[in-house]
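Quick notes on the structure that follows.
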2 protein chains.
Amino acid sequence: MAISNAVSFSFRQNLAANGLRLTNSRKAIFKVLVESRPLTFSELLAKTERMTDRVSVYRNIALFEQLGIVNRIKVGWKYKLELSDSYGVHHHHLICIKCGRIFDIAEDQHINDFIKAISQDHAFVPRYHSFEIEGYCRSCAEPVQRTSDIN
Amino acid sequence: MAISNAVSFSFRQNLAANGLRLTNSRKAIFKVLVESRPLTFSELLAKTERMTDRVSVYRNIALFEQLGIVNRIKVGWKYKLELSDSYGVHHHHLICIKCGRIFDIAEDQHINDFIKAISQDHAFVPRYHSFEIEGYCRSCAEPVQRTSDIN
DNA sequence: CTGCTTGCAAATCTTTTGCATTGAA
DNA sequence: TTCAATGCAAAAGATTTGCAAGCAG
């Protein structure tokens, strides 16, 4: 998959605007992110290990997060990485508890209104938000029911 | 702080219903959770180290999560633990990026409606959801602005 | 009693740090 | 040329596993 000019440009811009350099390591990591569904850190390490050192992946992912290039998606007790909304439409996720697949859902105006109202009530200045729904996807039958007093 | 009878009862019930034992280790961990604001795993380890072994904390927190007793709250790149909604009113969080404090916000009907609608569209069976807003709280002035092309 | 749980030791895996070298601007 | 960025080595931290002993039911 080729990286679109717009996305690639935005990436270079973001680095340049912060006085940071466009290195092979950063290009390689960014490329993997563009070409992947959300992935775990170790999946990312595996996919980049021939191109760059493990340590550079840590350092650059931390950097990318600060620059708003990547997001972490909470998945149960773990998390996955994906390119941030700056590189696409803002969206949330449906996460299947059984097969682990992640489905995108579009941003909704109700959520934005809610964030605005809540923030005003608390004199809070919102910067980011995350909204994830976990459950069972179409192809995964629901597994053994948990005890009824849990919910 | 004393643990309310209702909460304590629910905890015992939950364990008993799953054929699990009410041990000192589990009681100690639960008590710390009841008496704490959301805390990190290492904070929890510190607060329990005189009462139980580190390994038991890992094992029991994993267990508590399966039983729906604790939740993880995403906080930037990390997470914190808190008693789950089964032991209180369901709520979401405002998380201050600067001071790290976490403020509870009440569940909102708009969000529940949204979850229902989205789930139907995707033939998805929702089980849990998380909604977190990160930003700056009342007492934390906004720090150095990030470059404008990020948002 | 029984076998679920714990605690200890030690293995593993993950993430961070220091420093000399490299290479993007 | 210059200094940000990398790669390597090694430390530090976090999490998991095996197993004998302990204790809740």
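In what follows, chains are A, B, ... by sequence order, proteins preceding strands, each numbered from 1. Here the structure is a predicted model, which is why all the values come from computation and not from measurement. Computed over heavy atoms, backbone and side chain alike; hydrogens, waters and symmetry mates excluded.
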- Message: Restricting to side-chain contact (heavy atoms from CB on, under 4.5 Å), what partner residues turn up for A:P126, sequence neighbours left out?
- Response: A:I115, A:S119, B:I133
- Task: Classify every nucleotide of nucleotides 8-18 of chain D by which part a protein heavy atom approaches to under 4.0 Å, writing B for the base, S for the sugar-phosphate alone and - for neither, in 5'-to-3' order.
- Result: BB----SBBBB
- What residues form a side chain to side chain donor-acceptor pair (under 3.5 Å) with A:D113, not counting sequence neighbours? A:Q109
- Task: Round to a whole Å and report the spacing from CD of B:Q13 to C1' of D:dG25.
- Result: 15 Å
- Which residues pass the side chain to side chain donor-acceptor pair (under 3.5 Å) test with B:R21, sequence neighbours left out? none
- Item | A:N18 CG to D:dA5 P, straight-line distance once rounded to whole Å | 10 Å
- Task: With sequence neighbours left out, write down each residue that passes side chain to side chain donor-acceptor pair (under 3.5 Å) with B:S56, or none if nothing qualifies.
- Result: none
- ring-ring contact (aromatic ring centres under 6.0 Å, His included): which pairs involve residues 92-111 of chain B, sequence neighbours left out? B:H90-B:H92, B:H91-B:H93, B:H92-B:H129, B:H92-B:F131
- Pairs where residues 41-73 of chain B contributes a residue and the test ring-ring contact (aromatic ring centres under 6.0 Å, His included) is met, not counting sequence neighbours: B:F11-B:F64, B:F41-B:Y58
- Item | Qualifying residues under side chain to side chain donor-acceptor pair (under 3.5 Å), relative to B:R26, sequence neighbours excluded | B:N60
- Write down the distance between CD1 (B:I61) and C1' (C:dT5), rounded to a whole number of angstrom. 16 Å
- With sequence neighbours excluded, residues passing salt bridge (charged side-chain N to carboxylate O under 4.0 Å, His left out) with A:R50: none
- Letter by letter from the 5' end, nucleotides 20-25 of chain C scores (B base, S sugar-phosphate only, - none; protein heavy atoms under 4.0 Å) ---BBS
- Task: Can you sort out the partners of A:D53 under salt bridge (charged side-chain N to carboxylate O under 4.0 Å, His left out), two or more places apart, ordered by chain and number?
- Result: none
- Query: Are the charged groups of A:E35 and A:K31 less than 4.0 angstrom apart, N to O?
  - Reply: yes
- Task: State whether A:S56 places a side-chain N or O below 4.0 Å from either non-bridging phosphate oxygen (OP1 or OP2) of D:dA5.
- Result: no
- Item | Main-chain N/O of B:L33 paired to B:S36 side chain as donor or acceptor, under 3.5 Å | no
- Task: Give a yes/no on whether any side-chain N or O of A:S25 is located under 4.0 angstrom from OP1 or OP2 of D:dT6.
- Result: yes
- Could you give the angle between the helix axes at the two ends of the helix from C:dC1-D:dG25 to C:dA25-D:dT1, with five pairs per end, rounded to 10 degrees? 50°
